[in-house]
Amino acid sequence: MIQPPRRLFIGLIPERPIQLQIQRHCREWAWPTDARPERFGRYHITLHFLGDVGLGPEHLLRRALRKVAVEPLELELCVPEVWRNNVAVLRPANHDGLQALYDRIALVLPATGLQPSQPQFKPHVTLARNAGQATPPAATKPIRWRVNEFVLVWSVLFPQAKPARYEIVERFGATPGQALSPPATNGQQGEQLPLL
Ligand code: 2AM
């Protein structure tokens with residue numbers, strides 16, 4: 001069966017302890033009743049959103065990403081903001097290594113036929129959408145997040161998945177090329193993120 005294009009993004013997804021700290025941080029905000037919080041387990045930083053990617057380009061992409069050097073990063077999530085598009089976010093302190101990782105990935109994308117999504121990288125963890133009236137906490141205890149890898153993620157949307165979920169296609173980092181193979185085609189295989 002031919003694999004249909006998959007909606008992919010490249011990002012950083014923290015493990016459960018950091019997911020929990022972000023969730024705790026969210027409880028310190030004042031939220032409007034109609035805000036749509038991000039679900040626990042899905043907190044992430046998007047590096048490059050790729051949109052729908054066919055099987056051929058996906059294979060090229062995965063091969064190219066295996067060659068990207070990954071140095072461990074110590075991020076500090078500490079800047080809560082509400083953006084004009086009504087998204088509430090928690091941003092990391094400026095980190096040259098994070099920008100450098102973003103840049104290194106951007107360099108390999110054109111050879112795969114894919115274009116980097118955001119020429120201006122504004123790293124953030126989305127906390128909630130429809131949150132224009134949200135009020136961030138007066139003080140934020142920084143969340144320290146050690147990053148050892150980046151991941152290629154398939155965003156499986158409704159009705160393919162109910163509820164929609166993120167599935168890690170491949171991890172790139174301390175153990176390069178540790179693929180989950182064969183790639184899941186129907187949302188029933190592969191690694192699923194632990195959602196509550
Ligand atoms: P964000 O919340 O970090 O902004 C998976 O769909 C993720 O990709 C979303 O959570 C969003 O990440 C990002 N994303 C979705 N559509 C996008 C687009 N058109 N351009 C850039 N990023 C997008």
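Order of listing sets the numbers, starting from 1, for every ligand and every atom in it. The shown structure was predicted, so the numbers you read here are calculated from the model rather than taken from an experiment.
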Asks: Suppose we call two aromatic rings close when their centres sit under 6.0 Å apart. Are His44 and Tyr166 close by that rule?
Replies: yes

Asks: Which protein N or O atoms sit under 3.5 Å from any N or O of ligand 1? Give each pair with its distance.
Replies:
from	atom 1	to	atom 2	distance (Å)
ligand 1	2 (O)	Thr126	OG1	2.6
ligand 1	2 (O)	Arg129	NH2	3.0
ligand 1	3 (O)	Thr46	OG1	2.9
ligand 1	3 (O)	His124	NE2	3.2
ligand 1	4 (O)	His124	NE2	3.0
ligand 1	6 (O)	Arg7	NH2	3.3
ligand 1	10 (O)	His44	NE2	3.4
ligand 1	10 (O)	Arg129	NH2	3.2
ligand 1	10 (O)	Tyr166	OH	3.2
ligand 1	12 (O)	Thr46	OG1	2.9

Asks: Would you say that more than 12 heavy atoms from the other residues, nucleotides or ligands in this model lie under 6.0 Å from the CD of Glu71, or not?
Replies: no

Asks: Can you tell whether the side chains of Arg144 and Glu74 come within less than 4.0 Å, N to carboxylate O?
Replies: no

Asks: May I ask you to decide if the ring planes of Trp31 and Trp29 are parallel, tilted or perpendicular, using 30° and 60° as cut-offs?
Replies: parallel

Asks: If you link I, L, V, M, F, W and Y whenever their side-chain heavy atoms are under 4.5 Å apart, who else ends up in the same group as Trp83?
Replies: Val87, Val89

Asks: Might you confirm whether atom CD of Glu76 has over 12 heavy atoms from other residues, nucleotides or ligands at distances under 6.0 Å?
Replies: yes

